[in-house]
Protein chains: 2
Amino acid sequence: MARPAPATHHELLTAAARRFAVTGYKGTSLQDIAREVGCSKATVLYHFASKDALLCELMAPAITMLEELDARIATHTGAQAQRVAADGFVDLAVRFRREIALLRGEFPDLLQQPAFAHIQEISEHLIAAFSGFSDRPEARVAALVVLAGIAETCGEFLDIPDDQLRTALRAVAYRALEVST
Amino acid sequence: MARPAPATHHELLTAAARRFAVTGYKGTSLQDIAREVGCSKATVLYHFASKDALLCELMAPAITMLEELDARIATHTGAQAQRVAADGFVDLAVRFRREIALLRGEFPDLLQQPAFAHIQEISEHLIAAFSGFSDRPEARVAALVVLAGIAETCGEFLDIPDDQLRTALRAVAYRALEVST
DNA sequence: GGTAGATCTGACCGATCGGTCAGACGCTGA
DNA sequence: TCAGCGTCTGACCGATCGGTCAGATCTACC
């Protein structure tokens, strides 16, 4: 035994991502993850302080990219912000297919986590930008349909190459949000 | 104690629907449901054979409507089928906001349930109709974005009246799917 | 070769899960 | 009045959950 620690650490992360995407966070036990890697449950808890900590480390890159997108949107206004938000979120969703699907699937519960506290807020910014900063209910409904639809779709279409999925998602988002081109 | 049974039965169903929508199926214990109604966990299992049976009874009306929609779509072709599918699914999603949200949220796991076995198949029919029976990946991506987006949105916009939500959803679906009018 | 520290594990813990069961309680008709 | 039935409950069950811990095993350095 006693492989180099970084290798095991990384294996555990990817195995957890795989399992979480299929059976959800609550539906995946530490035993499941350990079994997939071929180590004991105690090893999982040697590498990660807790199941929550494992989730946080797993989501960190996606959350960082989400925060960067949020900051980028804030530097634009009107239709330009709408386009930046749509393009940016499509890029993010395609890049982090599994993580986004997981986040969306168990949204209400996982948001309690302190590390995810401000995701709700960023989602509001995204919806505002998507809707073209309109208060009309129809615009806000359309924004949420696009946001949730993209997130969910990425998690399921694992057989389509990245750039093709990106192009298709951008097209449908532009139509749904009536982005001026 | 000893209230009339139908009242308790109905109370348990609505309480379960509420909890499932918030914390998910796996994330909600029979104890949670019992506490919300103010009875014991044993009472829940007196009214329902198992937690799964409770879920099935809860979803039954929505599934019936989904099957009816599936049958109705089959009697149309082309653009007409697309419109029937979009209108019908919007109606269904608005009527059964909570149930649809739950179904989408824990999709992969709950589909194992025998009672839900053919939902996967009906989903395929819906996506085919949404995409105008096209094989183009872009059309299928758009179809899934709309399907998932509508389902998710209904679960969250509980503060908008039914007909306003229905109108808004239909509009965004038509745009995203390029339904000919 | 021996020691220190990193890596890993089996055994165990309390809590909670879905589910079972014997029996208590209240209503109703004979 | 009392027997019967529908309704409900507390106590309990085995399984599994996330997490702890002492110690086995391996690696690197002196």
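Reminder, nothing fancy here: chain letters follow the sequence lines and each chain counts from 1.
Contacts of A:L69 classified as side chain to side chain contact (heavy atoms under 4.5 Å, CB included), with partners at least two apart in sequence or in another chain: A:R72, A:I73, A:F89, A:L126. Considering only residues two or more places apart in sequence or on other chains, B:T167 meets the side chain to side chain contact (heavy atoms under 4.5 Å, CB included) condition with none of them. Residues passing the side chain to side chain donor-acceptor pair (under 3.5 Å) test with B:R95: none are found, sequence neighbours excluded. In terms of the salt bridge (Lys or Arg N to Asp or Glu O under 4.0 Å) criterion, residue partners of B:D162 (sequence neighbours excluded) are, by chain and number, B:R97. Under the rule for a side chain to side chain contact (heavy atoms under 4.5 Å, CB included), the partners of A:D70 that lie at least two apart in sequence or sit in another chain are A:I122, A:H125. For the side chain to side chain contact (heavy atoms under 4.5 Å, CB included) test, residues two or more places apart in sequence or in another chain that qualify with A:S29 are A:Q31, A:D32.
Each end of the helix from C:dG1-D:dC30 to C:dA30-D:dT1 gets its own axis, taken as the rotation carrying the C1' atoms of four end pairs onto the next four within a five-pair window, and the two axes meet at 10° to the nearest 10 degrees.
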With the sugar-phosphate defined as primed atoms, P, OP1 and OP2, and the base as all remaining atoms, what B/S/- string results for nucleotides 15-20 of chain C, 5' to 3', for protein heavy atoms under 4.0 Å? --SBBB
Please report, to 0.1 Å, the donor-acceptor pairs under 3.5 Å made by any side chain of residues 54-68 of chain B, with sequence neighbours excluded.
from: B:E57; atom 1: OE2; to: B:H9; atom 2: NE2; distance (Å): 2.6
from: B:T64; atom 1: OG1; to: B:A60; atom 2: O; distance (Å): 3.0
from: B:E67; atom 1: OE2; to: B:H118; atom 2: NE2; distance (Å): 2.4

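Regarding contacts with the backbone of C:dT9, a side-chain N or O of A:S40 is found under 4.0 angstrom from either OP1 or OP2. Phosphate proximity of D:dC8 to B:T8: present, with a side-chain N or O under 4.0 Å from OP1 or OP2. Regarding contacts with the backbone of D:dT7, a side-chain N or O of B:Y46 is found under 4.0 angstrom from either OP1 or OP2. OP1 or OP2 of D:dC8 has at least one side-chain nitrogen or oxygen of B:H47 nearer than 4.0 Å.
Summarising the geometry, the separation between NE2 on B:H9 and P on D:dG6 is reported as 16 Å, rounded to the nearest angstrom.
A salt bridge is defined here as a Lys NZ or Arg NE, NH1 or NH2 lying under 4.0 Å from an Asp or Glu carboxylate O, and A:R170 with A:D91 meets this definition.
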